[in-house]
Number of protein chains: 2
Amino acid sequence: MFALFIMIEMGISERKEREREEMRALILEAAKHLFLEHGYAKTSIRGIADRIEYSPATIYLYYKDKKELMLALQVEAFGKMNASFGELLAIADPFARLQRMGELYISFALENPQLYDLMFMLEAPMEALECQQDSWLNGMQSFDFLKQSIWDCVEAGYFEESADIDALALTVWSYMHGLVSLYLKGRMVIFGEDSQLDRLRESQRNFIDLLSKK
Amino acid sequence: MFALFIMIEMGISERKEREREEMRALILEAAKHLFLEHGYAKTSIRGIADRIEYSPATIYLYYKDKKELMLALQVEAFGKMNASFGELLAIADPFARLQRMGELYISFALENPQLYDLMFMLEAPMEALECQQDSWLNGMQSFDFLKQSIWDCVEAGYFEESADIDALALTVWSYMHGLVSLYLKGRMVIFGEDSQLDRLRESQRNFIDLLSKK
DNA sequence: TTGATTTAATAAACAGTGTTTAGTATGTTT
DNA sequence: AAACATACTAAACACTGTTTATTAAATCAA
């Protein structure tokens, strides 16, 4: 009798929780679709609401504000990027792994410019982090992987024994981020409208040289 | 008689032109003040209008839209940055000059985060460029100076004779931009809240090493 | 100087934005 | 069946960039 009461109680609240998660996913799906098409600024709460045929106010029952919604998308984006790095585990040579990681990083950025924006350029999702910055640290597990690969490079004799892994990892990341963000934000027009991607690739090879010729 | 007529005619139209430029400068001054305090997104046309005690519509008589207003600010920002590079002309050794240029670039970015945003991260001013992209090329004269310094480094034997100057310049710029933009956009929190500036400096030294040990 | 005309400025509106509030149904519990 | 809780929304609030119609002033032609 008591057990039955609890089961019904738990059954309903569990269903409610499930429905709540389904609704959150529905909103997120619509947000993602619009965001990938038009970017953060041009994605409106009303647009998202229209797409799922709910009122705008409903969205605020599931997400605190637009920033938190974008943070949820950012988490998804990090998942996608981390997944794209999966093949790296099969590369034994650490320097080859490092090089391939750079290629994959650039590919991800160029193929998912809006997601890249969300992850590394927009302030909105970062402001939503506040206390719960675990999701950012979690998302940045790829940076740990980068550090590990650099460590492996040191052990394999590619870099000096005295190398500062943290600094080196930040240096590599900075270069990669700088390169793709200059490209994505249209700051490479100085090279002419057409040859920009070529310049990007040239610089990429250049940086590999810089790293390897130490 | 005829000459007098012309003089009056010209005198008025010249005054009008002068007054128009003064008004443009007045608007720009107000826009700059608000922008430096709150950034692009939070700077409103109404806010600018309030500050100069004119109606919002008046601003549209002097600037096509908000993007064009921000483009004018971007041009000013480039002027300021180029000026900050002035002292480099006094440095004879090309590698020391290159190193100092990096320091000045980072200093400018950290001391003028909103201006840096305008110059290298926001899309708004770039969209306003359209046909008249001369202002961007003009603003980027510092990039030519960077290329020149790298060329000098090659001649002085710091880099290989076969070095691709364009690619190397882009590589240096990408790294610098990546480093400061990761910092400015709060993506270096993985290093903890306090040590970020130290990490930035460490990486900077690291990159110099990478360049010099070739 | 007077009347016509161009110019400068604005009030008000338009179409949008993120977000909050008050109210209404529906589902759940007692 | 009555009391309560939940999900949802219409409408409003306070903004945003931008356009239009109108007014007042400066300039021009007679």
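Just so we're clear, the structure is a prediction, and the values are computed from it rather than from any experiment. Throughout, a chain's letter reflects where its sequence line sits, starting with A, and its residues are numbered from 1.
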What is the separation between atom CD1 on I59(A) and atom P on dT19(C), rounded to the nearest whole Å?
10 Å
What distance do E111(A) atom CD and Y116(A) atom OH have between them, rounded to the nearest 0.5 Å?
14.0 Å
Give the rounded distance in Å between these two atoms: CZ of R24(B) and P of dA8(C).
13 Å
Taking the six-membered ring for Trp and the full ring for Phe, Tyr or His, determine whether the centres of F191(A) and F143(B) are under 6.0 Å apart.
yes
Examine the side chains of Q204(A) and R201(A) and answer whether a donor and an acceptor come within less than 3.5 Å of each other.
yes
Starting at atom OH of Y54(A), determine the distance to atom P of dA10(D), rounded to an integer number of angstrom.
13 Å
Within less than 4.0 Å of OP1 or OP2 of dC8(D), is there a side-chain N or O belonging to T58(A)?
no
Rounding to a whole Å, what distance do you find between L69(A):CG and dT17(C):P?
15 Å
Run the side-chain hydrogen bond (donor to acceptor under 3.5 Å, both in side chains) test on D144(A) and Q148(A) for me, step by step, so that the C-alpha distance in whole Å, both residues' side-chain angles and the decisive distance to 0.1 Å come before the verdict.
CA-CA 6 Å; D144(A) 288 326; Q148(A) 183 61 50; over 6 Å; no
Distance check needed: dT6(C) C1' versus L61(B) CG, whole Å only.
14 Å
Distance check needed: dT10(C) P versus E53(B) CD, whole Å only.
10 Å
Indicate the ring-plane relationship of Y175(B) and F207(B), choosing parallel, tilted or perpendicular according to the 30° and 60° boundaries.
parallel
Rounded to the Å, how far apart are Y62(A) OH and dT19(C) P?
18 Å
Could you go through E202(A) and R205(A), starting from their C-alpha distance and side-chain angles, then the distance that decides it, and tell me whether this counts as salt bridge (Lys or Arg N to Asp or Glu O under 4.0 Å)?
CA-CA 5 Å; E202(A) 279 172 43; R205(A) 278 191 291 275; 5.3 Å; no
In whole angstroms, the gap separating P of dT28(C) from CD of E19(A) amounts to 8 Å
For nucleotides 14-24 of chain D, just jot down a letter per nucleotide in 5' to 3' order: B, S or -, based on protein non-hydrogen atoms under 4.0 Å.
--BBBBB----
